[in-house]
Amino acid sequence: QVQLVESGGGLVQAGGSLRLSCAASGSTFDTYVMGWFRQVPGKERTFVAAISASGGITYAESVKGRFTISRDNAKRTVYLQMNSLKPEDTAVYSCAARRLAILTTGDGYRYWGQGTQVTVSS
């Protein structure tokens, strides 16, 4: 069982930065793929970024060059550094965990956090 708790969301102006954190419980954090997804009310959840247990990384095209995902296994935490934020990045951001390989669809992730709101004003 893995419990995930996100933090770091908030209100920021376009062009600004935020760093999201996702703290995980459990002793096997370092064996999990960790992903970030986002969702706008009324729209489907979309993939943002993911990092594998070995450090492999995948990004959505819309965030490449602006967002950076990283993990600290000693702290059981995954981060999402978001730079050059745009109003279209406004969403609830959730982290998720799964075994084995990175997937860019949320259905493949077993554990989810509650999410944190990110609002980017123009």
Side-chain angles (χ1 to χ4, degrees):
Q1 189 78 6
V2 177
Q3 292 184 328
L4 304 172
V5 179
E6 302 94 338
S7 61
L11 173 64
V12 64
Q13 288 187 332
S17 298
L18 282 174
R19 188 176 82 155
L20 305 183
S21 300
C22 173
S25 65
S27 60
T28 58
F29 171 80
D30 59 347
T31 67
Y32 282 87
V33 170
M34 300 300 299
W36 285 98
F37 291 78
R38 64 188 181 186
Q39 189 168 22
V40 176
K43 295 188 176 181
E44 291 188 356
R45 180 174 55 201
T46 59
F47 172 77
V48 176
I51 184 167
S52 70
S54 61
I57 290 173
T58 299
Y59 292 104
E61 286 295 325
S62 60
V63 307
K64 277 184 180 178
R66 300 189 298 122
F67 291 11
T68 302
I69 189 171
S70 62
R71 66 190 299 159
D72 185 334
N73 289 335
K75 295 183 178 180
R76 298 176 192 164
T77 300
V78 62
Y79 304 97
L80 186 67
Q81 177 68 44
M82 305 186 295
N83 298 328
S84 303
L85 282 161
K86 305 175 182 180
E88 52 263 44
D89 294 318
T90 295
V92 174
Y93 284 71
S94 299
C95 67
R98 73 181 305 273
R99 299 279 193 182
L100 302 177
I102 287 176
L103 287 180
T104 59
T105 56
D107 290 349
Y109 288 76
R110 181 174 183 181
Y111 303 106
W112 289 85
Q114 291 299 310
T116 185
Q117 175 71 45
V118 171
T119 303
V120 184
S121 63
S122 58

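Only this structure's heavy atoms are used, side chains among them; waters, hydrogens and symmetry mates stay out.
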D72/T77 under side chain to side chain donor-acceptor pair (under 3.5 Å): CA gap, chis, key distance, verdict
CA-CA 5 Å; D72 185 334; T77 300; over 6 Å; no
Are any non-hydrogen side-chain atoms of [X] and [Y] less than 4.5 angstrom apart?
X	Y	result
V92	S94	yes
D107	R45	yes
S62	K86	no
S17	Q81	yes

Starting from [Y], can I reach [X] by hopping between I/L/V/M/F/W/Y residues whose side chains sit under 4.5 Å apart?
X	Y	result
W112	L4	no
V33	Y59	no
I102	L80	no
V2	M34	yes
Y32	I57	yes

T104: which of T58, V48, T46 passes side chain to side chain contact (heavy atoms under 4.5 Å, CB included):
T58
Would you find a donor on one side and an acceptor on the other, under 3.5 Å apart, between the side chain of [X] and the backbone of [Y]?
X	Y	result
E6	C95	yes
S52	G55	yes
T116	G9	yes

Verify the neighbour count for atom CD of Q3: are there more than 12 heavy atoms of other residues, nucleotides or ligands below 6.0 Å?
no
How about CZ on R99, more than 12 heavy atoms from neighbouring residues, nucleotides or ligands closer than 6.0 Å, or not?
yes
Electrostatic pair D89:R66 at N-O distance under 4.0 angstrom:
yes
Search all heavy atoms of S122 against all heavy atoms of A14 and return the closest pair with its distance.
CA-CB, 4.4 Å
Nearest-0.5 Å distance that lies between atom [atom1] in [X] and atom [atom2] in [Y]:
X	Y	atom1	atom2	answer
R38	E44	CZ	CD	14.0 Å
T68	N83	OG1	CG	6.5 Å
K75	N73	NZ	CG	12.0 Å

Is there a donor-acceptor contact under 3.5 Å linking the side chains of S25 and R76?
no
Does the ring of F29 carry R71 above it, NZ/CZ under 6.0 angstrom from centre and within 45° of its axis?
yes
Ring centres under 6.0 Å, that's the criterion: do F37 and Y109 meet it?
yes
Would F67 and W36 count as a close aromatic pair, with their ring centres under 6.0 Å?
no
Listed by chain and number, what are the side-chain contact (heavy atoms from CB on, under 4.5 Å) partners of V118, not counting sequence neighbours?
L18, L20, M82, Y93, V120
